[in-house]
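Below: the structure, in C-alpha cells.
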2 protein chains.
Amino acid sequence: MLKLYGYWRSSAAYRVRIACAIKGLKYENISINLVKDGGQQHQPCYGVLNPNHLVPTLQDGDLILNQSLAIIEYLDEAYPEPSLLPDEPTRRARARALAQNLAIDCHPLNNLRVLKYLTAELGIDEQQKRQWYHHWLKTAFGGFELQLEQSAGLYCVGDEITVADLCLVPQVYNAERFELPMGEYPLINGIVGRCRELEPFALAAPENQPDAVI
Amino acid sequence: MLKLYGYWRSSAAYRVRIACAIKGLKYENISINLVKDGGQQHQPCYGVLNPNHLVPTLQDGDLILNQSLAIIEYLDEAYPEPSLLPDEPTRRARARALAQNLAIDCHPLNNLRVLKYLTAELGIDEQQKRQWYHHWLKTAFGGFELQLEQSAGLYCVGDEITVADLCLVPQVYNAERFELPMGEYPLINGIVGRCRELEPFALAAPENQPDAVI
C-alpha cells in the first residue's frame, strides 16, 4: 500500500491527497506534524526519507519520492485512470504551467519555513508578515485569473480536472485562512466552488484528515 | 520558428536554453531586460504574453507558454530526441523531483522580485540579503547532495542528462555569482563540471547570450 507522509494543513500534501482520491488510491496516512516538537519534519528519521525536511513524501514499494508535482506526475503515469493531464499537447502544457504558477511562483514564498525566517531572522512583525503573504498571493492570483480567461471551462483547463485544479484549491484554502479578499477573482472562485462539490476534493480537505486540529 | 522571451542571467530562461540546445532546436531569442527601464517584463505588451510578468515565455506557433519546467516538458514531448526524462518510471520521477527541489524550493526565494521586495518593503541591508540568499541555497544544496548519493552517475540521475541537470547548472551559476562557498557539495560540483564540458551547456550559458552584459 502507498504511504503518504503529510500534514493536514500542508498545501503540497493536500494536492497529493486530491490526486489519490480522484484515482481511488488508498494510502497509509503518516502525519508529520509541522508545528509540534519544533516541527517533526526536522527529525533525523524523517530526514532519511526526505533530506529536504519538507512534506509530502510518497512511498510506493521501493520508491521514496518527494515534491508534490513530481509525485502527482508519477501517480498519473503509474495509475493512469482518470488522468490528471489532458492528452492534447498544448492543453497538457497549459495545465502544467498553471499548476506551476502556484506551486513555484506563489506557494514557496508563503511556506511555513519562510515565514519563520522572516520573523526570526529579519524581525518582521505580524502586519508585515500579512502584507508579504497577501502580496505574493495577489501577484499570483492576478496573473492566474487572466490566464484562466484563455484556458478555463468548468475547471482550469477546459471541463476536465487537471493538476492545475489540484494546486488551485489548496492555494485558495490558504488564501482564505490568511483572509485575502477574493472578490477580484471570479473565475478562480467559480472553479474552486465546483471542485469543492466533488467528493475527492472533500475527502482530501484539511479538515477531514485524521491529524486535523480544528 | 520557436520564439523564446528570456534574459541572459535568468536561471529559468537558462534552463530552457539548455533544453533547446540539447535538442538542436533553433529559436528566435527575444531579450526581456529584467533590470532596464524598471524591468521590461513589467511592460504591458509583455504582460499580454505572460500575465505573471516573469521570464521565460516560449512561443511555438499558436502556443504561448510560461514556466520553464512546463516549457521543458512540452519541448520533450513535441521534440522527443534526445529525451530529457528517463523512460523508467521511478528514475523519471526522481529526475522531476530533483529539478523541482531547485526550481520550487530554492530559486523562487532568491528571485529578483523577492530580493527587491525584501529591500524596498522590508528594508533589509546588503548583509541580510546575502544571508537570505545563502540560507536558501545551502538548504537546497544540502538536501540535493544527499539525494544525489542515491541517484547520481555522471549526471544527477544516472549517466544521462535529465531535466535535473538543466536546473542544477543554472542554480550553481547563481550560487557562484553570489559567492556561496561550494566546498561541501562534491557530487554537485562533479556533475556541474561534466555538464559544462558539453557544447549545449556552453551554448546556453549566460555569458554567451546576445544580450549579455559582461
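Chain letters run A, B, ... following the sequence lines, proteins first, then strands; residues in each count from 1.
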Between A:Trp136 and chain B, with a heavy-atom cut-off of 4.5 Å, which part of the residue counts as in contact: side chain, backbone, both or neither? side chain
Tell me if a side-chain donor or acceptor on B:Arg94 pairs with a main-chain N or O of A:Ile64 at a distance below 3.5 Å. yes
Count the heavy-atom pairs under 4.5 Å between each of A:Ala93, A:Gly123, A:Gly142 and chain B, then report the option with the highest count. A:Ala93
Side chain, backbone, both or neither: which part of A:Gln150 has a non-hydrogen atom closer than 4.5 Å to chain B? neither
A:Gln131 atom CD: more than 12 heavy-atom contacts under 6.0 Å: yes
Supply the atom-to-atom distance B:Gln128 CD to A:Leu122 CG, rounded to the nearest 0.5 angstrom. 5.5 Å
Do other residues, nucleotides or ligands put more than 12 heavy atoms under 6.0 Å from A:Gln40 CD? yes
Look at atom CD of A:Glu88 and say whether more than 12 heavy atoms of other residues, nucleotides or ligands are closer to it than 6.0 Å. yes
What part of A:Ile124 gets closer than 4.5 Å to chain B, counting heavy atoms only: side chain, backbone, both or neither? side chain
Let me confirm one number: the CG-CZ distance from A:Leu63 to B:Arg91, rounded to the nearest 0.5 Å. 12.5 Å
If you tally heavy-atom pairs under 4.5 Å against chain A, which of B:Ala97, B:Gly61, B:Cys106, B:Ala140 wins? B:Ala97
Here the gap from B:Arg96 atom CZ to A:Tyr74 atom OH, rounded to the nearest 0.5 Å, amounts to 12.0 Å
Proximity breakdown for A:His135 and chain B, heavy-atom pairs closer than 4.5 Å: side chain
Output the option from A:Thr90, A:Asn101, A:Leu65, A:Ile71 having the highest count of non-hydrogen pairs under 4.5 Å with chain B. A:Asn101
State whether a side-chain donor-acceptor pair under 3.5 Å links B:Asp105 with A:Asn52. no
Donor-acceptor contact below 3.5 Å, side chain A:Glu77 vs main chain B:Pro89: no
Taking everything shown except B:Asp87 itself, do over 12 heavy atoms lie less than 6.0 Å from its CG? no
Can you tell which part of A:Ala78 gets under 4.5 Å to a heavy atom of chain B, answering side chain, backbone, both or neither? neither
Distance in Å, A:Gln100 CD paired with B:Asn66 CG, rounded so as to fall on 0.5 Å steps: 8.5 Å
Below 4.5 Å, heavy-atom pairs only: which of B:Leu69, B:Leu98, B:Asn50 has the largest tally toward chain A? B:Leu69
Can you tell me how far CZ of A:Arg113 sits from CG of B:Leu109, rounded to the nearest 0.5 angstrom? 6.0 Å
